[in-house]
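Inspection log for the structure reproduced underneath, given as C-alpha cells.
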Amino acid sequence: QLQFVESGGGLVQPGGSLRLSCEASGFTAHYYAVAWFRQAPGKEREGVSCISLNSVTTNYTDSVKGRFTISRDNANDTVYLQMNSLEPEDTGIYYCGVDLPFRVCSKAWYERGRYDRWGQGTQVTVSS
C-alpha cells in the first residue's frame with residue numbers, strides 16, 4: 001500500500017507529551033520532504049511541521065515552535081513528531097504526507113495540496 005501509516009496518538013492531559021510516528025508503507029520516502037498536518041473538528045487540515053532530506057532543514061507553524069520537534073530515521077523510513085507541553089488546541093487528527101519530488105521543504109511547505117500518500121491519521125486528544 002503506497003501510503004504512510006501514522007501511529008502514537010492518544011488521550012493526554014494538558015502539559016503532557018506524545019511521540020507520533022509516520023512510517024512509509026510500500027514505498028520509499030526518506031529521499032523527500034515529509035510534513036505533518038493536523039485537522040481539528042470543523043477546521044481545515046493545517047501544516048504542523050516539515051522535515052527535509054537528512055534533516056537539513058525543518059519548519060514549524062508558529063503555534064508549536066518550542067514545543068514540537070520533528071525528526072526522521074532513514075533506515076526505518078520513519079518520521080517522528082515529539083510533542084511536549086501539549087495544549088487543548090493541539091487536539092485533532094494528525095496526518096503525514098510526502099512532497100514529491102522535492103528533497104527540501106518548500107517555502108510554501110504548509111500548503112496541503114503539495115503532499116501525497118497521506119495515511120489514515122492518528123487521533124490526538126488533549127483534555128483534563
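- Two residues are said to be in side-chain contact when any heavy atoms from C-beta on lie closer than 4.5 Å; V64 and S49 fail this criterion.
- Scanning both residues, C96 and V34, for their nearest heavy atoms gives CB-CG1, 4.4 Å.
- Rounded to the nearest 0.5 angstrom, I51 CD1 and I70 CD1 are separated by 5.0 Å.
- Note that CG of L53 and CG of N74 are 7.0 Å apart. Values are rounded to the nearest 0.5 Å.
- Residues W109 and V79 fall into different hydrophobic clusters, defined by Ile, Leu, Val, Met, Phe, Trp and Tyr side chains chained together at heavy-atom separations under 4.5 Å.
- The ring-ring contact (aromatic ring centres under 6.0 Å, His included) analysis of residues 4-26, with sequence neighbours excluded, yields the pairs F4-F27.
- One distance of note links OG of S63 with CD of E87; it measures 8.0 Å at 0.5 Å rounding.
- Under a hydrophobic clustering in which Ile, Leu, Val, Met, Phe, Trp and Tyr are joined whenever their side-chain heavy atoms come within less than 4.5 Å, directly or via other members, V104 and F102 fall into different clusters.
- Sorted by first and then second residue, the ring-ring contact (aromatic ring centres under 6.0 Å, His included) pairs involving residues 35-83 (not counting sequence neighbours) are F37-Y115, F37-W118.
- Under the salt bridge (Lys or Arg N to Asp or Glu O under 4.0 Å) criterion, K43 pairs with no residue, sequence neighbours left out.
- Residues satisfying the ring pair (Phe, Tyr, Trp, His ring centres under 6.0 Å) test with Y31, not counting sequence neighbours, are none.
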Chi angles and distances behind the side-chain contact (heavy atoms from CB on, under 4.5 Å) call for E6, Y94: CA-CA 8 Å; E6 300 96 339; Y94 283 68; over 6 Å; no
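- Closest approach of S55 to R72, counting heavy atoms only: OG-CG, 3.7 Å.
- Evaluation of the salt bridge (charged side-chain N to carboxylate O under 4.0 Å, His left out) test over residues 99-110, restricted to residues two or more places apart or in two chains, returns D99-R114.
- Remark: L86 CG to R67 CZ distance equals 6.5 Å, nearest 0.5 Å.
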Under 3.5 Å, side-chain donor or acceptor atoms of residues 13-23 against the rest of the protein: list the pairs with distances, not counting sequence neighbours.
from, atom 1, to, atom 2, distance (Å)
S17, OG, N84, OD1, 2.9

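- With sequence neighbours excluded, the residues forming a side-chain contact (heavy atoms from CB on, under 4.5 Å) with V5 are S25, listed by chain and number.
- A salt bridge (charged side-chain N to carboxylate O under 4.0 Å, His left out) check over residues 26-38, counting only residues at least two apart or in different chains, returns the pairs R38-E46, R38-D90.
- Residues forming a side chain to side chain donor-acceptor pair (under 3.5 Å) with Q123 (at least two apart in sequence, or on another chain): T125.
- Sorted by first then second residue, the disulfide (SG to SG under 2.5 Å) pairs that include residues 27-87, not counting sequence neighbours, are C50-C105.
- For D73 (side chain) and T78 (main-chain N/O), no donor-acceptor pair under 3.5 Å exists by modelled atom type.
- If you chain together ILVMFWY residues whose side-chain heavy atoms come under 4.5 Å of each other, L11 ends up in a group of its own.
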